Amino acid sequence: MSKKVRVRFAPSPTGGLHLGGVRTVLYNYLFAKKHDGDFLVRIEDTDQSRYVPGAEEYIFDTLKWCGLEPDESVLHGGNYGPYRQSERKASHRQYAEQLVKDGYAYYAFDTPEDLEKMRQDFKTEQNPSPQYDHTIRMKMRNSLTLPPDETEKLLAEGTRHVIRIKMPEHETVSFTDMIRGEVSFDTSLVDDKVLLKADGMPTYHLAVVVDDFLMKISHAFRGEEWLPSAPVHILLWKYLFGLENMPQWAHFPLILGPNGKLSKRDGAKYGFPVFAMNWTDPKTNELTEGFKEKGFLPEAFINLLALLGWNDGTEQEIFSKEDLVEKFSMERVHSAGAKFDYEKAKWFNHEWIKKSITYSLQPTVKALLSQHGIIVNNDILLDKVIGLVKDRCTLLPDFVQQSSFFFKAPETLDVDAVKPKWSETKQLFFAELTRNYELATDWNTLTLENNFKEIAAVNDLKPGELMLPFRIMLVGGKFGPGVFDIAEVLGRSETIERISKAIKLFA
RNA sequence: GGCCCGUUCGUCUAAGGGCUAGGACACCACCCUUUCACGGUGGUGAUACGGGUUCGAAUCCCGUACGGGCUACCA
């Protein structure tokens with residue numbers, strides 16, 4: 001039941017899942033599946049003040065859409081719950097107390113005002129943001145500076161306090177990152193991070209270590225922004241559970257926007273989505289567009305995300321989820337950040353639409369068309385249409401423009417494209433074509449085209465000059481598949497009707 | 001400021017001491033197509049800079065510059 005590889009993804013329910021977040025899940029998922037391990041999701045909801053209602057559900061919806069459903073989570077059960085960090089409160093406190101007892105941590109009674117004062121007092125030009133570290137902890141109000149009986153008294157009275165880790169003064173902490181190799185830190189430069197907050201909730205630092213231990217996590221992967229706090233986590237593992245039980249770490253590079261770190265704002269600013277799915281912040285009512293709603297296929301989305309910072313060493317770029325599981329390797333993940341390129345993202349989607357089987361696109365296209373007032377009940381027809389137009393659709397909504405005219409005569413025709421070159425002979429040609437099509441024994445692309453060209457030849461007209469008008473008659477504009485293909489799908493009566501109506505319009 | 005991570009075409013990247021630094025997106029040209037696309041062929045375009053090590057460096061080492069992250073009782 002418990003497998004060798006257990007990885008977990010731990011989002012905080014404070015907003016939508018952006019590109020970097022989804023890529024982190026993806027890589028976690030791929031690694032777990034590749035090694036036939038378990039993929040867990042734990043929710044980091046220990047910060048009540050930043051908790052956003054609905055965000056947790058949103059996260060699971062996103063995972064579902066991407067096809068990255070966890071084996072164990074709040075929703076999926078399992079043997080290592082609870083999967084909401086806030087539900088582990090008691091257990092976390094106990095570990096923090098243990099650290100104090102062992103001399104690796106201490107109680108601190110400083111109020112927020114005290115901390116603010118400290119930052120002001122010790123601020124210099126060389127050090128604009130002084131930390132609560134070994135150089136100043138002996139100047140603060142904590143169980144290191146207070147006499148033991150006073151500490152006891154304060155605790156007994158229920159004075160608000162936190163528990164901080166006591167960073168060693170001069171030690172080098174190092175670990176091997178699966179992507180970066182050996183990374184080391186001087187502990188004297190790291191501050192005494194809060195482990196347990198005044199409200200009894202653990203901070204991420206304590207929670208990630210305790211939970212990973214309890215959940216028997218073998219590999220812990222997260223974004224590069226966590227690298228600076230890694231020494232704290234390494235030390236906690238050493239103090240609490242032993243380094244030999246510590247998971248292997250990997251820190252993924254960041255995904256960058258056009259101007260540095262990719263932000264929510266970049267989406268609106270540069271016109272591309274940054275979240276997997278639409279996310280409306282209930283606090284501000286601000287909408288951040290999603291790839292799903294923009295018209296991306298989930299397969300394309302995870303494909304493009306996977307390739308943003310990883311490749312298999314060959315020239316292959318299109319990977320299905322199964323391919324990715326098979327080919328993925330942590331060693332080939334880049335260490336440098338990758339700038340997101342929307343043009344390339346769209347290319348991936350285009351490739352996936354082209355390679356999609358027509359019937360798999362049916363429900364999506366049907367829904368899209370019905371949003372535009374076109375109800376399709378002929379699946380065979382729809383299938384033909386999708387097959388005809390999918391090569392020219394980059395985003396899913398392109399299907400609307402590319403295929404509505406098959407189901408509904410165009411409301412306006414691009415008359416200007418025809419009129420300047422319209423003539424009596426051309427009008428006569430189309431009248432004759434109509435009669436011919438009415439009587440044609442076969443109704444297929446080939447016959448339609450042959451008859452068309454024959455009549456043109458008889459009337460001493462170049463087919464080329466007639467194709468555009470014909471297209472405008474059927475489609476309304478200068479786009480779409482081959483005209484005779486369109487006519488075939490449209491059927492005899494519809495084709496003839498559109499020609500007749502248009503002739504009057506052009507005259 | 002300090003600490004950490006990073007630096008190959010505009011962008012994503014290949015090449016982990018050895019032939020003209022390869023591919024993809026985008027862009028340009030041509031072909032195909034009497035629409036728009038798809039497709040095909042070709043083109044422009046990169047090893048941040050300076051030192052080492054070496055017969056030989058994009059690749060290893062050092063420095064500089066630049067970019068990013070962290071520096072909360074947020075994750």
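Quick note on labels: first sequence line is chain A, next is B, and so on, each numbered from 1. Just so you know, these numbers come straight off a predicted model, no measurement behind them.
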Under 4.0 angstrom, heavy atoms only, what part of the nucleic acid is [X] near: base, sugar-phosphate, or nothing?
{"X": "A:Asp110", "result": "base"}
{"X": "A:Asp47", "result": "sugar-phosphate"}
{"X": "A:Val208", "result": "nothing"}

Counterpart base for B:C38, defined by Watson-Crick or G-U wobble contacts under 3.5 Å:
none
Does B:C25 have a Watson-Crick or wobble mate here (both distances under 3.5 Å), and if so which one?
B:G10
Under 6.0 Å between the ring centres of A:Phe221 and A:Tyr27?
no
Would you say the ring centers of A:Phe291 and A:Phe301 fall short of 6.0 Å from each other?
yes
For a quick check, tell me whether the side chain of A:Arg392 and the base of B:C36 share a donor-acceptor pair closer than 3.5 Å.
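Result: at least one qualifying N/O pair found.
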Does a distance-only test, which skips hydrogens and angles, find a donor-acceptor pair under 3.5 Å between the side chain of A:Lys344 and the base of B:A24?
yes
If each of A:His205 and A:Gln126 is mapped to the nucleotide of RNA chain B with the nearest heavy atom, which maps nearer the 5' terminus, i.e. the 5' end?
A:Gln126
Look at [X] and [N] and indicate whether a side-chain polar atom (N or O) is within less than 4.0 Å of OP1 or OP2.
{"X": "A:Lys193", "N": "B:U71", "answer": "no"}
{"X": "A:Thr46", "N": "B:A75", "answer": "yes"}
{"X": "A:Lys339", "N": "B:G67", "answer": "no"}
{"X": "A:Arg164", "N": "B:C73", "answer": "yes"}

Measuring from the side chain of A:Leu308 (C-beta onward, heavy atoms only), which nucleotide among B:C12, B:C4, B:C73 has the closest atom?
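For A:Leu308, the side-chain atoms sit closest to B:C12.
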If you check the A:Ser129 side chain, which of B:U71, B:G39, B:U11 turns out closest?
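Taking heavy atoms from C-beta onward, the closest nucleotide is B:U71.
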Which is it for B:C30, anti or syn, if anything within 90° of zero counts as syn?
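Classified anti.
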